[in-house]
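A quick write-up on the structure given underneath.
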Amino acid sequence: MCGIVGIVGKTPVNQYLYDGLTVLQHRGQDAAGIVTIHDNTFRLRKGNGLVKDVFHTRHMMRLQGNIGIGHVRYPTAGTSSSSEAQPFYANSPYGISLAHNGNLTNAEELKCWLNTEARRHVNTTSDSELLLNILGHELQQSKNITLTPDDVFTAISNVHKRVRGAYATVALIVGYGMVAFRDPNGIRPLAFGKRETENGIEYMIASESVALDACSFEFVRDVAPGEAIFFSENGQIHSQQCSENPVYSPCIFEFVYFARPDSTMDKMSVYASRVEMGTKLGEKIAKEWEDLDIDVVIPIPETSCDIALQIAQQLDLPYRQGFVKNRYIGRTFIMPGQEQRKKSVRQKLNAIGTEFKGKNVLLVDDSIVRGTTSEQIIDMARASGAKKVYFASAAPEVRFPNVYGIDMPSANELIAHGRDVEDVCHLIGADKLIFQSIEDLVAAVKTGNPDIKRFDTSVFDGVYVTNDIDSAYLEKLDAMRNNNNKETSDKNADSVIDMHNEGAE
């Protein structure tokens, strides 16, 4: 999962890009980058780390220009490398820089085509660089000396025909402007806004509406699935549907976990969706657990706080904050590497003993993915004196890999894969476990926009909206992941040996 921003302004945009990325930091903590255009030249700064650590005063001063894009990244393959940081750029044609949120499901096929047919070299393993080069190739097919909006839309139409998967994208074209486009299923979110200044109207693109708010831009609307919006450097705006069969299928896990509660995506409030998740899960608990002696409802901060409060109200039980979160530790779900996640849970949360001692507690979390965090938190509750620990998940069982940009590529890492609720309950050490039903989850989220007929719920039901995923694909993905993890472990071991050798010398 990543976060993207783009601004076409009338004055320097570097500070606003920085501010937009800062409020999207929850979408990726591995790397950050900004590209601006000044005097028809790209100004680029990117690197591993948080936004505040990648950009210093000297970098911001060099990022001149009234148009630019930015990106925050977390690694979908479970590894981190500075070469994968975005935005990427290509000098031909025109000069293009691109940032992308999502994942392409036919990346291997596209890489082969780029090498043999388009004769374009890809220097990293990032599918975002693939997307950049495919867009560049399609733009190069224009016969016009000067690029027109129609040329841009034709190129993106051809990108849609060639590329499969999830992609919310923003790109700069030197001398022309900025274009934003979204895959035909609208899996990843993308919004745009505007603001009027004394110098004229400025436009902004962002993964979530909260970034528009932070930069004082007025939300206009979401970019539609398959749509492209072109913003010229002089402030003109053009839009066109570039897909033949667009179908709204937003990722429901955005509402469960990733997005900020103060964001609205595809006309659906994240906060309202989570409150409704709590209502429906509370009703299910009251119906199926009427014999349980729960004393208190405690959220696992902080995504589940709104959900847990609503459950407590439904059950007419006390709501307490039993865990204190260290806000300087990143989100454990999106950290690369299982060992790092295990270590970070204890650093991230600390229990308030008085809220647990001698009580039967109901812990509420947004979801259970690998189970590592849940198991450790239940152990913490028991160590703090809880008599019984019940556990409720606001999402259904995560049983299948995600192939659209979330770090769930291996079914073997998912605790609910091939197991029933009782098995999972035993493995995480809970006295009782309950999951939200997929029907209730969908109903909770679509309350804000009944026009949405379908969500991507593939991690729960194994139904992939792009219709191009089979068992062979998942097995190959799993093998690639295992190989990448082995290579990373070998590199880490080599680094330790090198350090020991240096010390000996």
Side-chain angles (χ1 to χ4, degrees), residues 26 208 210 250-290 292-323 325 331 333 349 355-356 359-369 373-374 377-378 381 388-398 416 421 424-425 428 430-450 452 455 457 459-460:
H26 60 285
E208 295 183 31
V210 67
C251 174
I252 206 163
F253 212 75
E254 290 272 1
F255 296 87
V256 171
Y257 177 82
F258 277 105
R260 275 179 46 152
D262 45 345
S263 285
T264 297
M265 301 185 301
D266 296 314
K267 301 180 182 179
M268 295 171 285
S269 162
V270 177
Y271 172 77
S273 297
R274 289 176 184 165
V275 169
E276 191 64 20
M277 289 177 209
T279 298
K280 292 190 177 297
L281 186 54
E283 291 171 351
K284 183 176 181 180
I285 292 170
K287 180 181 178 180
E288 298 185 9
W289 285 5
E290 57 184 352
L292 291 189
D293 49 346
I294 302 170
D295 296 317
V296 62
V297 178
I298 295 177
I300 297 170
E302 54 193 349
T303 312
S304 63
C305 290
D306 301 323
I307 299 167
L309 179 58
Q310 198 68 12
I311 290 174
Q313 292 177 353
Q314 287 291 121
L315 301 178
D316 194 24
L317 289 170
Y319 168 87
R320 293 287 186 271
Q321 293 283 349
F323 294 101
K325 180 181 178 182
R331 303 178 86 180
F333 172 69
L349 295 177
E355 297 300 328
F356 292 92
K359 298 178 182 178
N360 297 332
V361 301
L362 172 61
L363 300 183
V364 180
D365 207 351
D366 51 73
S367 58
I368 301 175
V369 181
T373 300
S374 304
I377 287 173
I378 290 170
K388 291 184 179 179
V389 182
Y390 309 120
F391 205 98
S393 168
E397 301 94 311
V398 177
V421 175
V424 177
C425 182
I428 65 175
D431 291 293
K432 199 78 173 176
L433 171 64
I434 194 167
F435 287 94
Q436 182 97 264
S437 73
I438 192 168
E439 294 80 13
D440 282 348
L441 176 61
V442 169
V445 177
K446 73 178 297 182
T447 298
N449 186 1
I452 300 290
F455 290 88
T457 56
V459 297
F460 307 123

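In this structure, Asp295 contributes its side chain and Asn360 its backbone to a donor-acceptor pair below 3.5 Å. At least one donor-acceptor pair under 3.5 Å links the side chain of Arg274 to the backbone N or O of Phe255.
With values rounded to the nearest 0.5 angstrom, Lys446 atom NZ is found 10.0 Å from Ile252 atom CD1. Once rounded to the nearest 0.5 Å, the distance linking CD1 of Ile298 with CD1 of Ile377 reads 11.5 Å. Note that CD1 of Ile378 is 4.0 Å distant from CD1 of Ile428, once rounded to the nearest 0.5 Å. Rounding to the nearest 0.5 angstrom, the gap separating the CZ atom in Phe460 from the OG atom in Ser437 is 11.0 Å.
With respect to the salt-bridge test (charged N to carboxylate O, under 4.0 angstrom), the residues Glu302 and Lys325 qualify. Under a 4.0 Å N-O distance rule, the pair Lys287/Glu283 does not qualify as a salt bridge.
Each of Val421, Ile285, Leu362, Leu292 was scored for a side-chain contact (heavy atoms from CB on, under 4.5 Å) with Lys432, with one residue passing: Leu292. Results of the side-chain contact (heavy atoms from CB on, under 4.5 Å) test with Ile300 over Val364, Asp366, Asp365 single out Asp365 as the only residue that passes.
For Phe455 and Phe253, the ring centers are positioned 6.0 Å apart or more.
With 3.5 Å as the limit, one finds no donor-acceptor pair spanning the side chains of Thr447 and Glu276.
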